[in-house]
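For reference, the structure is listed below as structure tokens.
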Amino acid sequence: MALTGRAGLLALIGVLVVGLLLPSWQGILVVFAVLVLCVAADLLLAAGVRPLTFSRAGATSVRTGELCSVQLTVHNPGRRLRGVLRDAWAPSAGVVSDRVPVDVPAGGSRVLSFDLRPVRRGDRTADRVTVRSLGPLGIAARQGSHVVPWTVRALPPFHSRRHLPPLLERLRELDGRRASLIRGAGTEFDSLRAYVIGDDVRSIDWRASARSSDVVVRTWRPERDRQVTIVLDTARTSASRVEGALGGLPRLDTSMDAVLLLSALASQARDQVDFLAFSHKVRASVPRATLPVLVQAMGPLEAELVEFDARAAVAEVLRRAGRRSLVVLLTSLEPSIEHGLLPLLPTLASRHHLLIASVSDPAVHAMAAGRGDLEAVYTAAAAERTLAERRRLTALLARHGVDVVDALPDDLPRALADRYLSLKAAGKL
């Protein structure tokens with residue numbers, strides 16, 4: 001019950017004026033009696049909220065940070081409803097305005113629209129719809145809540161899609177759709193042409209050169225329909241936040257952005273992309289992934305506070321990838337790799353080419369550059385030790401034939417895509 005509204009205020013002023021004109025005890029009695037009658041009349045004449053029914057329609061998914069709308073339809077089987085309605089959502093759903101005035105005729109319905117701009121990736125759910133039904137005087141009101149379920153999935157924003165145009169231009173060059181062709185082993189033969197300074201001598205065709213007055217080299221087109229298996233680490237280390245141009249995001253979100261850019265590029269190259277999210281078990285699996293399906297699969301993923309099970313992940317990759325493929329593992333470069341993943345590399349490398357991509361923390365690089373006072377120097381020494389450990393792990397993995405991309409959050413998607421194109425140009429896929 002609430003004392004609100006212009007009509008209610010005017011009624012109270014009138015009652016107070018009448019009360020002041022009468023003797024003290026009589027005035028108090030009159031004021032009290034009129035107030036009780038007004039409240040009782042308002043409650044009696046206010047439309048009931050329990051018989052109301054609701055239904056929803058509208059968006060079920062949206063990219064994080066973008067605007068979408070959800071429609072709420074109010075069905076009123078009773079007398080005319082006037083009041084205020086609140087549609088409650090989780091704060092991370094980013095509801096622009098959750099309270100609206102409502103006026104529904106007897107036996108009618110109204111459609112109300114609520115705008116959402118999710119600020120966090122994942123499933124954002126509606127809570128309760130609360131209706132406050134005012135009486136004719138606006139002095140008192142009935143109030144009740146209804147559960148009207150609805151879920152909007154906030155998808156990864158894919159900020160790195162701005163890098164696609166130049167990457168696709170490079171891919172067209174590799175694919176021979178422009179004048180530039182590549183030379184190298186492990187690709188599809190295209191044609192012969194005269195040798196020019198700078199060409200790889202390994203591409204010289206000596207038999208064709210013997211029949212010609214010039215030295216002749218082979219040109220090649222990249223092989224298509226290669227298999228790219230992407231493994232996303234969703235275990236403990238993926239939960240830590242790193243600062244970037246878009247603010248502090250978990251490593252998992254930065255890795256997802258890199259996955260989307262690589263998948264879009266590989267799909268344009270007509271390679272087969274298989275996606276696997278893993279912690280100590282399979283969290284999500286998308287064979288022959290297309291970008292829309294991949295985005296939907298990654299939307300609800302959150303980091304699990306468990307250790308990454310490298311042995312189980314490698315076994316799953318070997319079981320799923322039947323032919324030789326590029327295995328891209330997005331994880332953290334930590335000493336645990338030396339004991340968990342390193343012993344498994346001979347088995348994995350004998351069948352696939354492994355590429356590890358890791359997010360480097362900008363805060364560590366900033367601390368390593370500090371020299372202001374004694375504390376800053378000690379902090380810089382600790383940060384430099386961390387960076388040296390990452391360099392040691394990178395060199396150790398490289399000695400086992402593993403490619404490593406270790407980049408800052410804003411640079412990782414483009415760096416990973418560049419490495420993929422380099423491997424494709426070299427015929428290593």
Side-chain angles (χ1 to χ4, degrees), residues 1-2 46-134 141-158 234 239 249-250 252-253 256 277 279 281-286 290-305:
M1 184 171 64
V49 295
R50 288 187 179 181
L52 298 176
T53 58
F54 303 85
S55 59
R56 291 191 187 270
T60 56
S61 63
V62 64
R63 290 190 186 278
T64 303
E66 295 184 1
L67 196 67
C68 69
S69 295
V70 175
Q71 289 75 46
L72 176 69
T73 303
V74 184
H75 306 274
N76 179 24
R79 64 169 64 96
R80 180 183 179 186
L81 169 68
R82 294 181 305 164
V84 180
L85 181 145
R86 178 177 183 261
D87 190 10
W89 289 73
S92 56
V95 182
V96 176
S97 177
D98 61 354
R99 287 178 175 83
V100 294
V102 62
D103 190 343
V104 187
S109 61
R110 285 286 184 271
V111 178
L112 308 173
S113 183
F114 294 89
D115 292 332
L116 285 72
R117 193 188 300 274
V119 296
R120 276 186 56 200
R121 181 183 48 77
D123 288 341
R124 310 273 77 90
T125 56
D127 188 7
R128 293 174 180 269
V129 174
T130 302
V131 179
R132 176 174 291 179
S133 173
L134 296 171
R142 298 184 182 187
Q143 181 170 304
S145 297
H146 298 258
V147 177
V148 189
W150 192 259
T151 300
V152 174
R153 176 163 291 181
L155 305 173
F158 195 12
T234 63
L249 291 176
L252 181 60
D253 290 65
M256 284 182 178
S279 56
K281 61 181 180 180
V282 176
R283 303 280 309 284
S285 175
V286 185
T290 60
L291 200 59
V293 177
L294 189 58
V295 168
Q296 288 287 341
M298 291 196 299
L301 287 176
E302 297 291 347
E304 285 189 324
L305 299 182

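Positions are given from 1 along the sequence.
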Exercise. Please report the closest heavy-atom contact between V100 and F114, naming both atoms and the distance.
Key: CG2-CZ, 4.0 Å

Quiz prompt | side chain to side chain contact (heavy atoms under 4.5 Å, CB included) evaluation trace for R132 with R99 | solution = CA-CA 11 Å; R132 176 174 291 179; R99 287 178 175 83; over 6 Å; no

Self-check item: Reported CG-to-CZ distance for the pair L112 and R56, which is rounded to 0.5 angstrom
Solution: 10.0 Å

Self-check item: Rounded distance [0.5 Å steps], CD in E66 versus OG in S61
Solution: 10.5 Å

Exercise. Hey, could you give me the NZ/OG1 distance between K281 and T234, rounded to the nearest 0.5 Å?
Key: 9.5 Å

Quiz item: Which pairs, with at least one residue in residues 53-74 and sequence neighbours excluded, count as a ring pair (Phe, Tyr, Trp, His ring centres under 6.0 Å)?
Solution: F54-H146

Practice problem: Go through Q296 and L155 one step at a time and tell me if the side chain to side chain contact (heavy atoms under 4.5 Å, CB included) criterion holds. | Solution: CA-CA 7 Å; Q296 288 287 341; L155 305 173; 3.9 Å; yes

Practice problem: Would you list the pairs meeting salt bridge (Lys or Arg N to Asp or Glu O under 4.0 Å) in which at least one residue belongs to residues 67-82, sequence neighbours left out? | Solution: R80-D103

Quiz prompt | Nearest-0.5 Å distance, CZ of residue R117 to OG of residue S92 | solution = 14.5 Å

Quiz item: Can a donor-acceptor pair be found between the side chains of T151 and T125 at a distance below 3.5 Å?
Solution: no

Self-check item: Minimal non-hydrogen separation, G58 against Q71, with atom names
Solution: CA-OE1, 3.3 Å

Quiz item: Okay, side chain of S133, backbone of A47: is any donor-acceptor separation there less than 3.5 Å?
Solution: yes

Quiz item: Closest heavy-atom contact between L301 and A277?
Solution: CD1-CB, 3.7 Å

Quiz prompt | E302 backbone acceptor or donor facing R283 side chain under 3.5 Å | solution = yes

